[in-house]
Q: 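What follows is a structure written as structure tokens; I'll ask about it next.
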Amino acid sequence: MSVRYNFRENEEKWQKAWEEASLYKTTEDPPHFYVLEMLPYPSGRLHVGHARNYTIGDVLARYKHMCGYSVLHPMGWDAFGLPAENAAIQHGISPRLWTLENIQLMKQELKTLGFSYDWDREILTCSPTYYAHEQKIFLDFLKNGIAYRKESFVNWDPVEGSVLANEQVIDGKGWRSGAPIERRKLSQWFFKITDFSQQLLDDTALLDQWPEQVKTMQANWIGRSEGAFVQFPLVGKEDVIEVFTTRPDTLFGASFIGISPDHPFAEMLSQDNPTLQTFIAECRSQGTSQKEIDTAEKKGYNTNLTVQHPFLENKTLPLYIANFVVMDYGTGAIFGCPAHDPRDFDFATKYKLPILPVVKSTKEAPLPYEGEGTLYNSNFLDGLSVEDAKLKAIHKLEEKDRGTSKTIYKLRDWGVSRQRYWGCPIPIIHCPTCGVVPVPENQLPVTLPEDVTFDKPGNPLDHHPTWKYVSCPTCGEAALRETDTLDTFVDSSWYFARYCSPSSPEPISREKAESWLPVNQYIGGIEHAILHLLYSRFFTKALRQCGYWNLSEPFKNLMTQGMVCHETYKDQGGSWLYPYEVERQKDGLIKKEDGTPVYAGRSEKMSKSKCNVVPAAKMVEDYGADTTRLFLLSDSPPERDFEWTDAGIEGSWRYLNKLWRLVTSHLSDITMVNLEEIPVTFTEKAFQLRKLTHKTIERITHDIETFHLNAYIAHLREFSNAIEGFQLSEDSDRWVLCEALTILVLLASPALPHLTEALWEELGHSDFIYQASWPIPDPSLVQQDIIKLVLQVNGKMRGTLDVSPSIGEEEIKALVLETLKPHLQGHPLKKFIYIPQKVANVVI
RNA sequence: GCCCGCUUGGUGGAAUGGUAGACACAACAGACUUAAAAUCUGUCGGCCUACGGUCGUGCCAGUUCGAGUCUGGCAGCGGGCACCA
């Protein structure tokens, strides 16, 4: 028996044995437990952030299997997306081949980490066997009124002549061309997620095992607001501007009306007004992202038109076209009350508009003031609270037929059209006669052509010589295929269902899906808290509406792991550098290759686009899978972000060897032990070890159930330290040692599957440890017979007292006062606080 | 800008409102060794008059017998903001 653990030999041996035994093939017998980690984008290499995510899932999957569940633990690839097209443009490689090569590499890396995936269920979203079903779902959405077409804006790069993603717009300019980006209107496909706003909001109540922060973020995203629509007739014109407001109470403080540059009325006004056209064009030169709109300088165009105030006959308000008003929210028009809204305040200050306060705070508060208070300067609302004034203002508006109460949502419909090649084709044909015609289901899938080129700007599907030219399925006349593809978020909005029946001829086998779903434990990065998770929830409800199943929520429990972050580096030319390309010297960072200076940027979540990734493969190569897994688990709690450092991996490697030695060096001591035959008596030290053994089972079971996985590892280490210090003297000690070692190996197995598999065999077992049962603690050994009571004087710790848990309060009091005598110095007792089993506090 | 988080020794972190720093990493000292590696032992928040005391969980206030933990405010850092995934 070698003293040092040979991870290379051992890990390879057992991975092969597991595969030959099809150990991780899903079984269907109940009870079921579905463990799912968010599927990765195949960017090329597995980095430590991925490895952390999957290790967390693997611990749970193995643990649940040992607890007797049939575990579904699948893995797949979110294989469509922009990076493949960028690779095609840069290196001339086909997006498909690039993606498949990456998948092959990453799959190999995943396998070396020893995860318990059922690879028979692997999904590639870029495979026609997957996206055919997505196209069927799209057609069902269309039939059920969930998919529809409307016009909407995209980022347009006028130099490249193509649509850019938000990520490709940097400071308002195209990332490759550097040209200022325009917002351009295109006709695109949308999913009617807004029909489900209230349901999505209400059903968060069902998600009791989701982190509060995620539910809060989703609720804020859906953004239900109660308020009013208010009509402002234009003075001297027929038109009426309708605004949405959540603050009808502040109508008497209104000093202007702002409408979005994209508002139909603004477009109408601009028709014979070149100055206004220029202004609108300027507004549209902002990108489409919310952040850009919010942080851009407030700008307005005075139309010189005025509107009538709903309550005051003699009051009119100027009508501005304002860049901070968005068309997608409410009516695309607001009334500005500068005294009580910061954006309106900025705007009014800039254009010297009146700022009339109408809500008085109880305390001195600077303007703009958004809090509670009493109305003044407000005619019939004077003296009312904000809440009451809202109701009364709405009531009055309704009475005068100038407005109505209204609840609206910030959530917008989901635009799913992408003007790109590497995505799921939208199964639609545009016929000059019949209009929009769905591709008949028996002609699915609409597959992507392989012979595409990326030498021209724009969508390769659009300028493919033949692909889009088809005949109309309805009338047979010449027609055109839709050349837009689906947003890749669509692919990941239903994959969890496909895993339940990966080869079913229908998109989803209702029987299988309903037997496995909702996912018992979903694990992934907190960065997906809103979009991916909300889209998946929407899909689940939309699929129910289309009759796919009777399921309302996809993920029962959600665990959001924190991000693994790393410093970012750029060279002199501004190109991103990988950490391994950078060397740290006394006076700064240099590029290893040529010694030129390197600039360190802020620490960010690991992502391929910024090169700040640490590949997992190197660690596995140098230290093995188990050490890597142990390190990723032990260093920080899963839900917390952490800054990556290499320091500490050595410590994990040492622990692995320690475990190996601990068990193998005692094998000869315990060979004769039969764990079925419990000795009648134990020595005191053996009894203490038994108690720790069972206490450890209890703690670790709890740690895994609650995802305190760093505590899990700490408790394993504590337990090993205790076993290490245990000296054999009697025969019954051997039994206790054998029990402790066996349980140690079992408890370590979800984290360290290879090492524990070898030790399990050494301990004389012929099955795989994955097939063994998770240990159950003996309740009589877990009970505490002596409590360490903390003694305090005025809340400060002054000592401890060992007492029996059954001791009475009076008895305790006497004992405590006696023990603390030196600290009391004869002061009279004011209060005695006793929290059984915890603390006794003497207040003097 | 808006929404959501996070902040504890040199470092990662532990702590159902009840002994702050478990378990590790790094460092230092020692044992073993011809030597190295490996392994083992010890020290390891600051200050003080040091077998004791005192301060200490980003900053300021509050609630409480008692606050790292709860409440309010501030600062710094991170995530998301609808076409990165």
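To find a chain, count down the sequence lines: A is the first, B the second, and so on, and within it residues start at 1. The model shown is predicted, which means the values in this text are computed figures rather than measured ones.
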Q: Indicate yes or no: at least one non-hydrogen side-chain atom of A:Tyr623 is less than 4.5 angstrom from one of A:Phe631.
A: no
Q: Under the 3.5 Å rule, do the base of B:C6 and the side chain of A:Arg640 count as making a donor-acceptor pair?
A: no
Q: Roughly how far apart, to the nearest Å, are B:C65 and B:G58 at atom P?
A: 24 Å
Q: On the six-membered ring of A:Tyr834, is A:Lys813 placed so that its NZ or CZ lies under 6.0 angstrom from the centre and within 45° of the ring axis?
A: no
Q: Which pairs, protein N/O on one side and nucleotides 25-30 of chain B N/O on the other, fall under 3.5 Å?
A:
residue	atom	partner	partner atom	Å
B:C25	OP1	A:Arg654	NH2	3.1
B:A26	OP2	A:Arg654	NH2	3.0

Q: Which value, in whole Å, describes the distance between the P atoms of nucleotides B:U71 and B:G45?
A: 31 Å
Q: Are any non-hydrogen side-chain atoms of A:Thr485 and A:Cys424 less than 4.5 angstrom apart?
A: no
Q: Does any donor-acceptor pair link the side chain of A:Gln188 with the base of B:C83 at a separation under 3.5 Å?
A: yes
Q: Can you find a heavy atom in the side chain of A:Phe196 that is under 4.5 Å from one in the side chain of A:Leu411?
A: no
Q: Could you summarise the pairing of RNA chain B as dot-bracket text, marking Watson-Crick and G-U pairs under 3.5 Å with ( ) or [ ] inside the strand and | across strands?
A: (((((((..(((.....[....))).(((((.......))))).((((...))))..(((((..]....))))))))))))....
Q: Roughly how far apart, to the nearest Å, are B:C48 and B:G42 at atom P?
A: 28 Å
Q: Between A:Phe153 and A:Arg183, is there a cation-pi geometry (under 6.0 Å to ring centre, at most 45° from the normal)?
A: yes
Q: Quick check: does any side chain N or O of A:Thr627 sit under 3.5 Å from a backbone N or O of A:Ser652, one acting as donor and the other as acceptor?
A: no
Q: Is the NZ or CZ atom of A:Lys298 positioned over A:Phe347's six-membered ring, under 6.0 angstrom from the centre and within 45° of the axis?
A: no
Q: Could you give the distance separating B:A22 and B:G9 at their C1' atoms, to the nearest angstrom?
A: 14 Å
